[in-house]
Amino acid sequence: MTTGMEGFAAGASALAGQAAGLRAAVDSGKVVMTPEAAERVAKIYEDKADKLQVKMRRTERLIAKGAFGDCNIGRALGQKFEDKVNAPEVGLVAILTKMQEILRNMAQAYRDSARDMQNTDDEHARNLNRNV
């Protein structure tokens, strides 16, 4: 089913690609941040995810029930707009939900980069204590 949200879905896919790249970089140790910096960046991504939640609550207003009349054409047009909003996988709500999940995962990836830094620092401190 196409809902006219393909461009929006492509943006979500691009965001998912960025998130996968970030996760790979964090897991391989290429992205390491101080806990304070990681938390600041993670907060930005969580704020963006929260804003998407607000937008999802507003999507019901996009559906104009009965606004197109009680005839076959009017009902079909009303269903078309409802599908744009609520269609599984390809509707606006599904895409916004996926984007929200991606943003929260990116926030967690930044936090994980800080944990890796802290773990490395702790390990170096232990090694230093053993050698002294």
Can Asn105 and Tyr45 be said to form a side-chain contact (heavy atoms from CB on, under 4.5 Å), step by step? CA-CA 9 Å; Asn105 288 342; Tyr45 281 91; over 6 Å; no
Is the closest basic N to carboxylate O distance between Glu46 and Arg111 below 4.0 Å? yes
Using 0.5 Å steps for rounding, measure from the OG atom of Ser13 to the NZ atom of Lys98. 9.0 Å
Roughly how far, to the nearest 0.5 Å, is CD1 of Ile102 from CG of Leu15? 5.0 Å
Using side-chain heavy atoms (C-beta onward) and a distance below 4.5 Å, is Met56 in contact with Val85? no
I'd like to know if Lys80 and Asp83 make a salt bridge, using a cut-off of under 4.0 Å between side-chain N and carboxylate O. no
Minimum heavy-atom separation for Ile95 and Ala9, please, with both atom names. CD1-CB, 3.8 Å
Mind running side-chain contact (heavy atoms from CB on, under 4.5 Å) on Glu36 and Arg40 for me, showing each step along the way? CA-CA 6 Å; Glu36 297 80 18; Arg40 282 194 309 270; 4.0 Å; yes
Would you please test Lys43 and Asp50 for salt bridge (charged side-chain N to carboxylate O under 4.0 Å, His left out) and show each step? CA-CA 10 Å; Lys43 180 77 172 116; Asp50 291 343; 5.4 Å; no
Taking all non-hydrogen atoms of both residues into account, name the closest pair between Ala94 and Pro88 and its distance. CB-C, 4.4 Å
Heavy atoms of Asp112 and Arg23 approach each other most closely as OD2-NH2, 2.8 Å
Under the 3.5 angstrom rule, does the side chain of Gln100 hit a backbone N or O of Leu52 as a donor-acceptor pair? no
Between atom CD of Glu82 and atom OG1 of Thr59, what is the distance when rounded to the nearest 0.5 Å? 10.5 Å
Hey, could you give me the CD/OG1 distance between Gln53 and Thr97, rounded to the nearest 0.5 Å? 7.5 Å
What pair of heavy atoms forms the shortest contact from Asn86 to Val93, and how long is it? OD1-CG2, 3.8 Å
Nearest heavy-atom contact between Ala114 and Pro35 is CB-CA, 3.5 Å
